Colleague: 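Sharing a structure here in structure tokens format.
These numbers were taken from a predicted model, which means no experiment stands behind them. Numbering of residues begins at 1 and proceeds along the displayed sequence.
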Amino acid sequence: VKIDGVAQTDFEKGHYTKTIDSLTADTTIEVEFAKKNYTITFPNFKSEYGTIKVNDNPITPENNSISVQHGKDVSITVEESPKYHVESVKMVDGENKTDVKEENGTYIISNITGNHEIEVTFAINTYEVTATVDGENGTVEVNKSTVEHGEDVTVTITPETNEYRLSSFKVNDTIVPVNEEDFTEDD
């Protein structure tokens with residue numbers, strides 16, 4: 001809003017009221033409207049978990065928000081680090097948390113009409129460990145049936161009797177070389 005060429009910036013809750021005192025000449029009032037912009041913020045984002053882009057603009061822990069024009073859509077792309085996966089993407093408005101709709105790996109928020117916080121929750125990948133004996137004549141046990149990414153698992157292989165020995169050891173169908181020092185013998 002300009003009055004006699006001077007910009008007026010004192011807006012109150014979306015409207016502007018101004019009394020022009022003691023007019024003594026013709027007065028020109030110019031009004032121009034622009035769409036509002038809103039802020040989409042990712043307050044708890046940590047880059048060790050992966051990357052986030054909003055409408056192809058990268059989000060970082062230091063620059064964790066983006067401005068979006070009223071009525072526009074937001075497209076959120078999340079690429080996880082190798083040891084994590086996306087558990088959820090939620091829009092947080094006060095106490096309310098709403099799942100963000102996913103379409104082909106991209107999270108979409110349609111028709112932005114206010115500021116929003118987005119909560120992207122990552123979880124560490126976990127893996128099932130299954131150990132089997134091909135045939136009989138012994139047992140194989142693991143100390144954990146589920147492990148987190150990067151975690152070790154201990155495998156205990158026990159022949160049924162002294163007449164048997166380990167003839168092959170495979171992990172994910174790949175033969176693993178076995179050294180004598182890897183084993184302890186019970187008397």
Colleague: At their closest point, which heavy atom of Pro159 faces which heavy atom of Tyr164, and how far apart are they?
Modeller: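 Here Pro159 and Tyr164 meet closest at CB-O, 3.6 Å.
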Colleague: If you round to the nearest 0.5 Å, how far is CD of Glu119 from CZ of Phe45?
Modeller: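 Going from the CZ atom of Phe45 to the CD atom of Glu119 covers 14.0 Å.
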Colleague: Taking it one step at a time, do Tyr38 and His70 satisfy ring-ring contact (aromatic ring centres under 6.0 Å, His included)?
Modeller: CA-CA 7 Å; Tyr38 302 107; His70 180 91; 5.6 Å; yes
Colleague: Could you give me the CA-CA distance, side-chain angles and deciding distance for Ile108 and Ser110, then say whether side-chain contact (heavy atoms from CB on, under 4.5 Å) is met?
Modeller: CA-CA 6 Å; Ile108 307 293; Ser110 299; 3.8 Å; yes
Colleague: Counting N and O atoms only, with roles assigned by atom type, does the side chain of Thr60 sit under 3.5 Å from a partner on the main chain of Asn63, one being a donor and the other an acceptor?
Modeller: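 Yes; at least one donor-acceptor contact below 3.5 Å.
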Colleague: Hydrophobic clusters here meaning ILVMFWY residues chained together by side-chain heavy-atom distances under 4.5 Å, can you tell me if Val92 and Val89 are in one?
Modeller: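 No.
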Colleague: Would you name the heavy atoms of Pro61 and Asn64 that are closest together and state the gap between them?
Modeller: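 Nearest heavy atoms, Pro61 then Asn64: O-CB, 4.1 Å.
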Colleague: Checking the side chain of Asn137 only, and the main-chain atoms of Glu160 only, is there a donor and an acceptor separated by less than 3.5 Å?
Modeller: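 Not confirmed, Asn137 side chain does not pair with Glu160 backbone.
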Colleague: Please say yes or no: joined through hydrophobic side-chain contacts below 4.5 Å, possibly via intermediate residues, are Tyr127 and Ile124 part of one cluster?
Modeller: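 They do not share one cluster, since no chain of ILVMFWY contacts under 4.5 Å joins Tyr127 to Ile124.
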Colleague: Decide side-chain contact (heavy atoms from CB on, under 4.5 Å) for Val147 and Thr126; before the verdict, give the C-alpha distance in whole Å, the side-chain angles of both, and the deciding distance to 0.1 Å.
Modeller: CA-CA 5 Å; Val147 296; Thr126 58; over 6 Å; no
Colleague: Is the number of heavy atoms from other residues, nucleotides or ligands under 6.0 Å of Lys90 NZ greater than 12?
Modeller: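 Yes, the 6.0 Å shell around NZ holds more than 12 heavy atoms from other groups.
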Colleague: Rounded to the nearest 0.5 Å, how far apart are CD1 of Ile118 and OG of Ser65?
Modeller: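 Taking CD1 in Ile118 and OG in Ser65, the distance rounds to 12.0 Å.
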Colleague: Under the side chain to side chain donor-acceptor pair (under 3.5 Å) rule, what pairs show up with a residue in residues 42-57, not counting sequence neighbours?
Modeller: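 Qualifying pairs: none.
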Colleague: With Asn125, which of His85, Lys83, His149 fulfils side chain to side chain donor-acceptor pair (under 3.5 Å)?
Modeller: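 The option that passes is His85.
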Colleague: Is it possible for you to say whether Val68 and Val100 belong to one hydrophobic cluster, with membership spreading through side-chain heavy-atom contacts below 4.5 Å?
Modeller: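 They do share one cluster, since a chain of ILVMFWY contacts under 4.5 Å joins Val68 to Val100.
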Colleague: If you measure from CE on Met91 to OH on Tyr107, what distance do you get to the nearest 0.5 Å?
Modeller: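 Spacing of CE (Met91) from OH (Tyr107) equals 14.5 Å.
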Colleague: Only one of Ile175, Thr174, Val155 clears side-chain contact (heavy atoms from CB on, under 4.5 Å) with Phe169; which?
Modeller: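 Of all the options given, the one that passes is Val155.
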Colleague: Got a second to check how far Ile52's CD1 is from Ile59's CD1, nearest 0.5 Å?
Modeller: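 Those atoms lie 7.0 Å apart.
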Colleague: Give me the one residue out of Thr39, Asp73, Asn37, Ile40 that meets side-chain contact (heavy atoms from CB on, under 4.5 Å) with Ile112.
Modeller: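 Only one option passes, and that is Ile40.
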Colleague: Evaluate whether atom CD of Glu151 has more than 12 neighbouring non-hydrogen atoms of other residues, nucleotides or ligands under 6.0 angstrom away.
Modeller: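 Yes, the 6.0 Å shell around CD holds more than 12 heavy atoms from other groups.
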Colleague: To the nearest 0.5 Å, how far apart are OG1 in Thr154 and NZ in Lys144?
Modeller: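 Rounded to the nearest 0.5 Å, the OG1-NZ separation comes out at 7.5 Å.
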Colleague: List the atom of Val142, the atom of Ala131, and the distance in Å for their closest heavy-atom pair.
Modeller: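 Closest heavy-atom pair between Val142 and Ala131: CG1-CB, 3.9 Å.
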Colleague: Would you say NZ of Lys97 has more than 12 non-hydrogen atoms from neighbouring residues, nucleotides or ligands within 6.0 angstrom?
Modeller: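 No, because the 6.0 Å sphere around NZ of Lys97 holds 12 heavy atoms or fewer from other groups.
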